[in-house]
Amino acid sequence: MSLAKLTSLSTQTLSLLLERQRFQTMAQPPPASTTQHIVRNLDQLRAGILELEAKEGKRTEASGLLRNQFTRMRTMLGNDGEVVELLPPIVEDGEESGSSSVPPVPPPKEPQYVPYSDEPPPSPETEADSTTMLQQQRLLMDEQDAHLDHLSHSVGRQRDISLQINDELGVHTGLLDDLDHGLDNTHNRLRGARKKLEKFGRGVKGNLSTYVIAALIFILLILIIIFKT
């Protein structure tokens, strides 16, 4: 796999990891398909880095950046990243020495057969562009980290505002309960007054004839007094 493809794969994996962290920031479980896709990309990236280092025969700046980014993305994956194997450490020349001072006899050289590939060999311009792309990607990761920190602070402020709103709702609920209790007392008083009025009305209706006779007698007395005078 070429350096450009490895860089593109690393960028795609980083985008998936940032999307996964966004779900975790919102206290939502990330989709399982996203995690599986990230693990699959990390496995491909690991194999591509080893293939690139084996092809170049030494560790370059581009492969070092890819190694650092692979380790960082594996760490961002958390416990799910344990299924992805770590990259083996690079053994520099001169680290391994034999127990004897006699130089080893080099084995006879065999003809190397290079497999056919449609991809052209990487040019210095392509490697420089890939290195620039990796540096830009590192800056993008730093900006994303700052954005996530800002988002975390915003979520904390929203949580504090939610707690304040909850306290105010508790106060308003108490006021509404007191108002409901007062309305119940007023309703009971009105019901008692209505019963008294109904009782008084029934009493007046039952003694209506008595009141009419008394009124007629009173009028008759007045007429008798008027005619006599």
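- Under the 4.5 Å side-chain criterion, counting only non-hydrogen atoms from C-beta, R157 is in contact with S154.
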Salt bridge (Lys or Arg N to Asp or Glu O under 4.0 Å), that's the test. Do R22 and E19 meet it? Break it down for me. CA-CA 5 Å; R22 186 177 68 84; E19 182 70 16; 2.5 Å; yes
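- The structure places CD1 of I165 at 11.0 Å from CG of D160, a figure rounded to the nearest 0.5 Å.
- No chain of hydrophobic side-chain contacts below 4.5 Å, direct or via other Ile, Leu, Val, Met, Phe, Trp or Tyr residues, connects L18 to L139.
- Taken to the nearest 0.5 Å, the OG1 atom of T7 stands 13.0 Å off from the CD atom of Q12.
- Linking Ile, Leu, Val, Met, Phe, Trp and Tyr residues whenever their side-chain heavy atoms come within less than 4.5 Å leaves L6 and L86 in two separate clusters.
- A search for salt bridge (Lys or Arg N to Asp or Glu O under 4.0 Å) contacts involving D43 returns nothing, not counting sequence neighbours.
- Residues L179 and L175 fail the side-chain proximity criterion, which asks for heavy atoms closer than 4.5 Å.
- In the displayed structure, R72 atom CZ is contacted under 6.0 Å by more than 12 heavy atoms of other residues, nucleotides or ligands.
- The two atoms that bring T173 and L169 nearest to each other are OG1-O, 2.6 Å, heavy atoms only.
- The backbone N or O of Q21 sits less than 3.5 Å from a side-chain atom of T25, completing a donor-acceptor pair.
- The distance from the CG atom of N166 to the CD1 atom of I161 is 13.5 Å, given to the nearest 0.5 Å.
- From R67, atom CZ reaches atom CD of Q69 across 14.0 Å, with rounding to the nearest 0.5 Å.
- Within the model, atoms CG of D149 and CD of Q144 stand 11.5 Å from one another, a figure rounded to the nearest 0.5 Å.
- You'll find the side chain of H37 reaches within 4.5 Å of the side chain of N41, heavy atoms only.
- Taking each heavy atom of L16 and T34 in turn, the nearest pair found is O-CG2, 4.1 Å.
- Counting heavy atoms from C-beta outward, F70 and V84 have side chains that approach closer than 4.5 Å.
- Looking only at side-chain heavy atoms (C-beta outward), D180 and L176 stay at 4.5 Å or farther from each other.
- Contact of the L45 side chain with the M73 side chain is registered, since non-hydrogen atoms from C-beta on lie closer than 4.5 Å.
- No continuous path of ILVMFWY side-chain contacts below 4.5 Å connects F23 to L14, so the two sit in separate hydrophobic clusters.
- Atom CD in Q24 sits 9.5 Å away from atom CE in M76 (nearest 0.5 Å).
- Inspection of the T71 and R74 side chains reveals no N or O donor paired with an N or O acceptor under 3.5 Å.
- Within a 6.0 Å sphere centred on CZ of R191, heavy atoms belonging to other residues, nucleotides or ligands number more than 12.
- The shortest distance between side-chain heavy atoms of L163 and R159 falls below 4.5 Å.
- The backbone N or O of L148 sits nowhere less than 3.5 Å from a side-chain atom of S152 that would complete a donor-acceptor pair.
- Partner R20 forms a side chain to side chain contact (heavy atoms under 4.5 Å, CB included) with one of S15, P29, P30 and no other, that one being P30.
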